[in-house]
Amino acid sequence: MSASQLQRVVTEIADELRTRTDRGTVASYIPELARVDAKSFGLAVIDRDGNAAVAGDADEPFSIQSISKVFTLTLALGKAGDRLWKRVGREPSGTAFNSIVQLEYEKGIPRNPFINAGAIAVTDLILSGHQPKEALGEILRFMRFLADDHSIGIDEAVAASEQRTGYRNFALANYMKSYGVLENPVDFTLGVYFHHCAIAMSCRQLAMAGRFLARSGRNPATGHAVVPPERAKRINAIMLMCGHYDGSGEFAYRVGLPGKSGVGGGILAIAPGTASIAVWSPGLDVTGNSRLGQLALELLSKRMGWSIFG
Ligand code: GLU
């Protein structure tokens, strides 16, 4: 399909969804996130040739929240390789993103790197041997490099808001610390975690950052490997199985693509070999995933024939 046909489909989907009123509920447990306009909607697709098709608020930055976990996982695998899997599992959780009960059953080892506990363990690994500022700088530089955009930054108000109210995450981190799963002081690890969740990016920037996962680990603009092909395949596999918490099965069923959601209402989805896609609509369903975002991706994968299951 040509770039102009892709743009037509993207515009069509944005127009169809603009009038929907069943948008779900904006996350409010991080007070600063509740201030976002629930009517926002953005969609961006970067195809394998680097063409961008965008619609709606695709250039408006939003809080990427848990989508950052795809990139911290990539960094941590680069740093520790398979040693990472001693600290965190890679099975779907079937529980909420901030579940505590599973962590107790599993003796402090989080089920996967995308639930909060798992992502906190991954952040702790990136932090080891560094000061929090350096670790955060490394994560931010990586995002800017992948998106080829040096304007990407952190929304300090969101980070501070989560730091003030992140009681659950403090509980999860302290629990893991008691099992020796975290190496660094809990405050340091969570400081870095809250800040990388508070990175603000637009759909276009996010779709740009995801390109390497759609191109077997290579940055298509430079041809350089970001990760080996095998690792890109595995990150995509974890996104497919665990990217939407206890809504992961539903997302795979409806969309058929690896994807990672965030409570800011964004979703990054990958059509391997074909495209990197980002969508944003702040209203969430009961599993904490963007309601219209999932619908937009379902329509896109259907109309473009992009499901990995054929
Ligand atoms: N920073 C959020 C938290 O830890 C991320 C959750 C999400 O995006 O799903 O609660």
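Quick caveat, the model's predicted, so the values are computed rather than measured. Order of listing sets the numbers, starting from 1, for every ligand and every atom in it.
You'll find the side chain of Ile109 stays beyond 4.5 Å of the side chain of Arg87, heavy atoms only.
Listed for the Arg168 side chain is a donor-acceptor partner under 3.5 Å among the backbone atoms of Asn98. With hydrogens and angles disregarded, a donor-acceptor distance shorter than 3.5 Å links the side chain of Gln65 to the backbone of Cys197.
Scanning the protein heavy atoms around atom 1 (N) of ligand 1, the nearest turns out to be Gln65 OE1, 2.6 Å. Among protein heavy atoms, atom 3 (C) of ligand 1 sits closest to Glu162 OE2, 3.1 Å. Nearest to atom 10 (O) of ligand 1 among the protein's heavy atoms is Tyr29 OH, 2.7 Å. Closest protein heavy atom to atom 4 (O) of ligand 1: Tyr193 OH, 2.6 Å.
The N/O atoms of Val263, backbone and side chain alike, include one that comes under 3.5 Å of an N/O atom in ligand 1.
Contacts with ligand 1 closer than 4.0 Å are made by no heavy atom of Phe194, backbone or side chain. At a heavy-atom cutoff of 4.0 Å, ligand 1 is contacted by no atom of Arg168, backbone or side chain. With a heavy-atom cut-off of 4.0 Å, Asn169 touches ligand 1 through its side chain alone. Of the heavy atoms in Ser66, both backbone and side-chain atoms come closer than 4.0 Å to ligand 1.
Near Gly262, with a cut-off below 4.0 Å to any heavy atom, the atoms of ligand 1 are 8 (O). Here is the list of ligand 1 atoms found below 4.0 Å of a heavy atom in Cys197: 1 (N).
Ring geometry for Phe142 versus Phe71: interplanar angle over 60°, hence perpendicular rather than tilted (30 to 60°). In this structure, His196 and Tyr193 have perpendicular ring planes: the angle between them is above 60°, well past the 30° mark.
A salt bridge is defined here as a Lys NZ or Arg NE, NH1 or NH2 lying under 4.0 Å from an Asp or Glu carboxylate O, and Asp59 with Arg204 meets this definition. We find that Arg303 and Glu16 are joined by a salt bridge, their nearest charged nitrogen and carboxylate oxygen being less than 4.0 Å apart. Between Arg111 and Glu91 there is no salt bridge, since no side-chain N of the basic residue sits under 4.0 Å from a carboxylate O of the acidic one.
Ligand 1 lies less than 4.0 angstrom from a heavy atom belonging to Tyr245. Within the structure, ligand 1 has Asn116 among the residues with a heavy atom less than 4.0 angstrom away.
Checking Asn184 against Lys177 by side-chain atom types alone, no donor-acceptor pair falls below 3.5 Å.
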